[in-house]
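Notes for the one structure printed next.
Bear in mind that the values here come from a model prediction, so they are computed numbers and not experimental data. Lettering follows sequence order; numbering is per chain, from 1.
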Amino acid sequence: MADTAPPASPPDGVPPDAPPEAVPPDAAGPQAATSETVGPEDGAPRERDVTLRMEHASIAYGDVPVLEKIHGIVHPGEAVALIGPNGAGKSTLIKAILGLVPVVRGRIEVLGRTPALARRDVAYVPQADTLDPDFPVSVEQVVMMGRYRKIGWLRRPGRADRTAAAEALEQVGLTQRARHRFGTLSGGQRQRVLLARAIAAQPRLLLLDEPFNGVDAVSQHALLEAISVLKGRGASVVISTHDLAIAHLACEEVCLLNRYQFGFGPAEEVLTPECLRATYGGHALELRGDRVIVAQS
Amino acid sequence: MNWFDSAMHRALLEAALVGAMGGVVGVFVVARRLSFFTMALTHATFPGIVIAALLGINLLLGGGVFGLLIVAGVVMLGRGRGQDFTAATGVALAGGFALGVVLISAQSGFTKDLTAYTVGDILTVDTFDLATTAAVTCVVLLTLAMLGKELLLRAFDPDGAAAAGLPVVLLDLALLALVEMAVVATVPALGAILTLALLVGPAATARLLSDRLALLFPLAAAIGVACGLAGIWISMVADVAAGASIALLVGAVFAVALLLRRGVRRPRRSTALSGAD
Ligand SMILES: Nc1ncnc2c1ncn2[C@@H]1O[C@H](COP(=O)(O)OP(=O)(O)OP(=O)(O)O)[C@@H](O)[C@H]1O
Ligand SMILES: [Mg+2]
C-alpha cells in the first residue's frame with residue numbers, strides 16, 4: 001500500500017506511472033449503461049466506477065515473478081491495450097485478471113471482487129489458432145459455450161440462451177455460417193466466432209489475447225465494431241496486441257509492459273517514442289519524429 | 001427356459017451393451033485424443049487384476065479400483081505441464097504393466113485365468129458379468145449426458161473452461177474415470193487388447209462420416225452395437241474367436257468409411273468452393 005515511490009528497477013527515462021484516479025464525468029453513455037448493469041449487491045458507489053483495479057501487483061507462475069508492480073485502473077466503457085514485446089507478460093497479466101495465475105504481491109480486483117470470484121462477469125477470448133481446428137463442433141455451438149455459466153450445471157440451453165447466441169453471432173457478421181464446423185472457417189472468422197462467444201456471455205470485462213494476429217481487414221473491422229458496441233454498453237475491454245495502430249484505434253488507454261510496467265494512461269501520453277524505446281529496449285525505431293515502429297531485430 | 005440361460009443370448013446382449021457404451025465414450029476419447037491413454041489403461045489395470053486373482057476377489061473390482069488409482073495419478077502428473085496427459089500416461093502404462101509382470105512372476109500357477117483376461121471370451125460371460133456391464137453402461141451414459149456441455153467446453157477450449165470458472169481438474173478426473181469404467185467393463189468380453197477397438201473404432205468411424213457432434217453419439221453407438229452383434233454371429237457361423245471377429249469388423253467398417261469419405265469429399269469440396277463468394 002505505502003509503496004508509491006517509483007521502484008528502482010525500471011530503466012531510467014520512464015515517467016512514473018500515475019493513472020488518473022478521477023473518472024472523466026463527460027462519458028455519459030457508458031455511465032448510464034453502467035448504472036443499469038450494476039446489480040444492487042455491489043453497494044459501494046466507489047466500485048461502480050471501476051471495473052479493473054490493479055495495485056502494485058506482482059504475478060508469478062512459481063517463485064520468480066514474471067510481472068512486477070503493475071498498477072492501474074480501468075473504468076466501465078474503457079478499453080486498455082497491453083503492449084510489449086514477446087515474453088513481456090501480456091498473456092500472463094490477462095490470466096492473472098482471470099485468476100488463473102496467482103498475484104503474489106499487491107492485488108488485482110475485478111468489480112470489487114477477487115478475480116476468481118468475478119469470473120461470472122468476465123469473458124476471455126483466446127487466440128483462435130490455439131484451438132483444435134478438427135474438433136467436431138459447429139459455430140453456433142461455440143457461441144453457445146458463452147452461455148454455459150448462465151445456464152448452469154445439468155441444464156440445457158433455453159430460448160433466452162439461443163436468442164443471446166444468435167444476436168452475438170449477428171454482431172460479428174457470421175450468422176450465415178452458424179451451422180458450419182468451427183474449423184472450416186478462416187482464422188479471422190474463427191476469431192470473430194470466439195468474440196461472439198464472449199459477447200453472448202454479456203460480460204462486464206472482456207479480455208482479448210492478441211485478437212488481431214493474422215486477421216484481414218474485413219475481420220479486423222468486424223472485431224473492432226463488435227468491441228465498440230460492447231464498450232458502448234458499459235463493458236471494459238483489455239486487449240493484448242503488438243499493433244500500435246490498433247491500440248490507437250480501439251483503446252483510449254495503453255499499458256506498456258515488459259516485465260515491469262513502462263507506462264499506463266491515455267494512448268497519446270503513453271505511446272511516445274521515449275516510452276516505446278524503453279519498453280522494447282533497442283528495437284524501437286523512430287520515423288519522422290512522431291511515429292515509432294517497433295522492429296523485432 | 002430362461003432367455004439368459006443361453007450363452008449365445010448373453011454374448012449378444014453383452015456385445016450390444018459394450019458396443020453402445022464404447023461408441024459413446026469413444027466420441028470423447030477421439031475428441032480429446034485419449035486413444036493412447038485408453039490403450040495404456042487396458043494394460044495398466046493388469047496389476048489390479050493380478051492382485052485381485054491373488055486375493056481371490058472379483059477380477060473386475062480389482063482392475064477397476066487399480067484403474068482409478070492410475071487415473072488419479074495421470075491427472076495429477078499431467079497437471080504440471082498443461083493439458084497433455086501423454087507423458088504421464090506413458091509412465092503409468094509401463095509402470096502398471098511392469099508391476100503386473102513382477103507380481104505374476106513372483107507367483108506361479110494362475111496364468112491360465114489371466115490369458116482369458118488378455119484375449120477375453122465373450123461366450124463365457126455369465127449373468128453377473130452381464131448385470132455389471134449393464135449397470136456400468138447406465139452410469140457412464142447418464143454421467144456423460146449430465147456433464148456433456150461442460151466436458152465439451154473443457155475438451156474444445158481448456159483455458160476457456162478454466163476462465164469460465166469450471167472445475168477443470170474434477171472434469172478431467174470424471175472423464176478419465178468414465179473411460180476407465182468402460183475399459184474395465186469391456187475387458188472380460190473382448191480382452192485387454194481388443195477392448196481398444198471398441199472404444200476408439202466406432203467413434204473414429206462416426207467422425208469420418210459426420211462433423212456434427214449431436215450425430216456422432218448415436219452414430220458411434222450404432223456402429224458399436226452392429227459390429228458387436230455381427231461379430232458374435234460371424235464367430236458362431238465360422239467358428240472363430242468372437243472378440244477378434246468384433247475387432248476385425250470395427251477395423252473393416254472404419255476402412256470402408258475412410259474410402260467413402262475419400263469418394264464423397266471431392267465433389268463436396270468443389271461445391272463449397274463455388275458457394276464461397
Ligand atoms: N506456464 C508458464 N510457466 C512458467 N512461466 C511461464 C508460463 N507461461 C509463460 N511464462 C513466462 O512468462 C513470461 C511472459 O510470458 P507471456 O506469455 O505472458 O508473454 P506475452 O507478452 O504474452 O508474449 P507473446 O507476445 O509472445 O504472446 C515469459 O518469460 C514466459 O517464459
Ligand atoms: Mg501472449
*asked:* Less than 4.0 angstrom from a charged side-chain N to a carboxylate O is my criterion; do A:Asp134 and B:Arg207 meet it?
replied: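 Salt bridge: no.
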
*Evaluate the side chain to side chain contact (heavy atoms under 4.5 Å, CB included) criterion for residues A:Tyr148 and B:Leu152: first the C-alpha distance (whole Å), next the side-chain angles of each, then the deciding distance (0.1 Å), finally the verdict.*
CA-CA 11 Å; A:Tyr148 282 3; B:Leu152 171 67; 3.5 Å; yes

Could you check whether any side-chain heavy atom of [X] comes within less than 4.5 Å of a side-chain heavy atom of [Y], counting everything from C-beta outward?
{"X": "B:Asp157", "Y": "A:Arg197", "result": "yes"}
{"X": "B:Leu147", "Y": "A:Trp153", "result": "yes"}
{"X": "A:Phe182", "Y": "B:Asp211", "result": "no"}
{"X": "A:Lys95", "Y": "B:Asp159", "result": "yes"}

*Below 4.5 Å from any heavy atom of chain B, which atoms of A:Leu154 appear? Answer side chain, backbone, both or neither.*
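It is both, since atoms from each part get that close.
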
*Minimal non-hydrogen separation, B:Gly160 against A:Tyr124, with atom names*: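 Residues B:Gly160 and A:Tyr124, closest heavy atoms: CA-CD2, 4.3 Å.
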
*What's the shortest heavy-atom distance between B:Leu213 and A:Pro136, and which atoms?*
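It is CB-O, 3.4 Å.
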
_Can you tell me which of A:Gln141, A:Met144, A:Arg149 forms the most heavy-atom pairs within a distance under 4.5 Å of chain B?_
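Option with the greatest count: A:Arg149.
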
*Give the member of A:Leu194, A:Leu131, A:Val125 that has the highest number of heavy-atom pairs under 4.5 Å with chain B.*
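Going by pairs under 4.5 Å, I would pick A:Leu131.
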
*asked:* With a 6.0 Å cut-off (strictly less than), is the heavy-atom count around CZ of B:Arg212, excluding the residue itself, greater than 12?
replied: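 Incorrect, the count does not exceed 12.
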
*asked:* Need one label for B:Ala161: side chain, backbone, both or neither, based on atoms under 4.5 Å from any heavy atom in chain A.
replied: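 Contact with chain A: none, neither part.
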
*Give a yes or no answer on whether the side chain of B:Lys149 reaches the backbone of A:Arg155 with a donor-acceptor pair at less than 3.5 Å.*
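Yes, the answer is positive, given that a donor and an acceptor are paired below the 3.5 Å cut-off.
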
_Counting heavy-atom pairs closer than 4.5 Å to chain A, which one of B:Ala31, B:Ala164, B:Ala145, B:Ala214 comes out on top?_
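Counting heavy-atom pairs under 4.5 Å, the top option is B:Ala164.
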
